[in-house]
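Just so you know, ligand 1 is whichever comes first in the structure, and atom 1 is the first atom listed for that ligand. Throughout, residue positions are numbered sequentially from 1 according to the sequence presented. None of the values given here were measured: they were computed from a predicted structure.
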Amino acid sequence: MKYLISPHKKQYKANLHCHSILSDGKKTPEELKAMYRDHGYSILSITDHERPHCHSAMDEDDFLLLTGYECYIRPDPNARYNRYAKEVHLNLFARDPQNTTMICPNKPYMKYILRDNAMDEITAWTGSDRTREFTREYINEYIQTARDAGYLVAFNHFYWSMVDENDVLGYDGLFSMEMCNYSSYVTNHLEYNGMLYDKLLTHGQRIFCHSTDDNHNVYPIDHVENDSFGAFTMILPEKFAYASVIDAMEKGEMYSSMGPLFHEVSIEDGRLHIECSPVAHAFVFTGSKKPSYFHALPGQTATSIDLAVDPEARYVRVCIEDAEGRKADTRGYFPDELV
Ligand SMILES: [Zn+2]
Ligand SMILES: [Zn+2]
């Protein structure tokens, strides 16, 4: 028997994408920590734009802050926003909480963080500070520079970015992609990227998935446009410590959710077994035209589900959906990981 989600490992709820007043968010880092901790989260990465901050001084025995930031690359050399143009946003997570190295700093991108003309404020940086280029070559160079500097690199909000699967297939070294980016989802109900994820896996791209709020908190949390607490990642580290959490993320010991929880996912003799919070639907995607699926009878839910796994599966990934249509997704597992 092989566990994809082990019932013996503790799960920690995380928001891995979040903005504070250090860039364009409305809450202070202290307020963000308090509100996420109060909502049952154990891990928060405050990923302000273009500049990493170490917030580890706010760590507690039951709450960890991951150092990281969100960087972006636009086609315009002056980095001007164009609502009809593609762009790429990446979340960088530091292996070492003290690592606040900026990757390829470039003045047009620093508007949130530097006072006029203050590139000399930047001390720790690496890579080239030349004008960013919206090319596959430049983006791959950027990703590689970030990896070499000790970051895990994730791909953010595919739908909002207006890229297509061939763009993403051309980017090397991404460890995970956002399945749901809730801030974007609130505005379009399309920023749930299960279809893209299947296309990447079908092409053999070894990439995990996670979900985030990407909250800016422009509106209060009881407002219809609140962007906190809508999408999250459950991480299953060996122990609750910074290095273990990063290690679990890097190994794909995590899953994505907008609500439902997996308690166990296992495979034995071509059957997949799921234990989960009450759900109305379950799917096993394998890269074929038709997944294995389960639908509860109208008005009913299930918490224990068995489904067949196609013996010719190119990969296996599991999705569950509750009665409100909220999904949770495992990452894709390739056949060599299932033996
Ligand atoms: Zn973004
Ligand atoms: Zn963001």
Side-chain angles (χ1 to χ4, degrees), residues 14-29 31-33 35-36 41 43-53 55 65-76 79-94 102-106 108-113 132 134 139 142-143 146 151-164 167-168 171 174-188 190-193 196 209-219 221 225-233 249 256 258:
N15 178 19
L16 298 175
H17 187 167
C18 169
H19 297 278
S20 77
I21 56 168
L22 294 170
S23 62
D24 57 349
K26 299 298 180 200
K27 301 277 189 195
T28 64
E31 288 170 328
L32 289 166
K33 176 205 159 182
M35 62 193 263
Y36 277 87
Y41 287 69
I43 298 164
L44 177 65
S45 190
I46 302 176
T47 51
D48 279 300
H49 292 284
E50 287 301 331
R51 187 171 204 177
H53 296 271
H55 295 293
L65 290 115
L66 304 186
T67 300
Y69 75 109
E70 182 178 29
C71 58
Y72 62 114
I73 297 160
R74 286 179 173 160
D76 185 287
R80 279 183 294 244
Y81 175 70
N82 175 346
R83 66 188 183 281
Y84 287 103
K86 291 179 182 188
E87 54 190 279
V88 162
H89 291 213
L90 303 169
N91 255 27
L92 275 46
F93 302 103
M102 291 171 65
I103 306 302
C104 305
N106 182 218
Y109 289 85
M110 303 296 151
K111 61 183 186 225
Y112 291 119
I113 58 163
R132 292 183 188 172
F134 196 81
I139 292 166
Y142 193 103
I143 294 169
Y151 291 103
L152 307 186
V153 183
F155 192 86
N156 295 348
H157 46 65
F158 170 79
Y159 179 88
W160 184 95
S161 301
M162 296 180 59
V163 292
D164 61 44
D167 293 313
V168 185
Y171 304 146
L174 300 168
F175 90 103
S176 191
M177 57 159 268
E178 285 183 339
M179 184 63 98
C180 178
N181 174 293
Y182 191 64
S183 175
S184 175
Y185 185 87
V186 166
T187 69
N188 57 36
L190 287 172
E191 192 76 69
Y192 166 82
N193 294 303
L196 169 76
C209 65
H210 64 289
S211 285
T212 70
D213 280 335
D214 192 7
N215 50 300
H216 293 69
N217 305 104
V218 173
Y219 302 99
I221 60 172
E225 288 191 62
N226 162 53
D227 56 4
S228 276
F229 317 123
F232 56 90
T233 302
M249 289 164 63
S256 148
M258 298 181 76

Which pair of heavy atoms, one from D227 and one from H216, lies closest together, and at what distance? OD2-N, 2.9 Å
Is the terminal nitrogen or CZ of R132 (NZ for Lys, CZ for Arg) located under 6.0 angstrom from the six-membered ring centre of Y109 and within 45° of that ring's axis? yes
Name the residue from N215, T47, T212, D214 that meets the side-chain hydrogen bond (donor to acceptor under 3.5 Å, both in side chains) definition with N15. N215
Return yes when at least one N/O/S atom of D214 is nearer than 2.8 Å to the Zn ion (ligand 1), and no when none is. no
Shortest non-hydrogen contact from E178 toward N156: OE1-CA, 3.4 Å
Y182 backbone acceptor or donor facing E191 side chain under 3.5 Å: no
Verify the distance test for H157 against the Zn ion (ligand 1): any N/O/S atom under 2.8 Å, yes or no. yes
Flag H19 as yes if one of its N/O/S atoms falls below 2.8 Å of the Zn ion (ligand 2), otherwise no. yes
Under 2.8 Å from the Zn ion (ligand 2), is there an N/O/S atom belonging to H17? yes
To 10°, measure the ND1(H89)-the Zn ion (ligand 1)-OE2(E70) angle for me. 100°
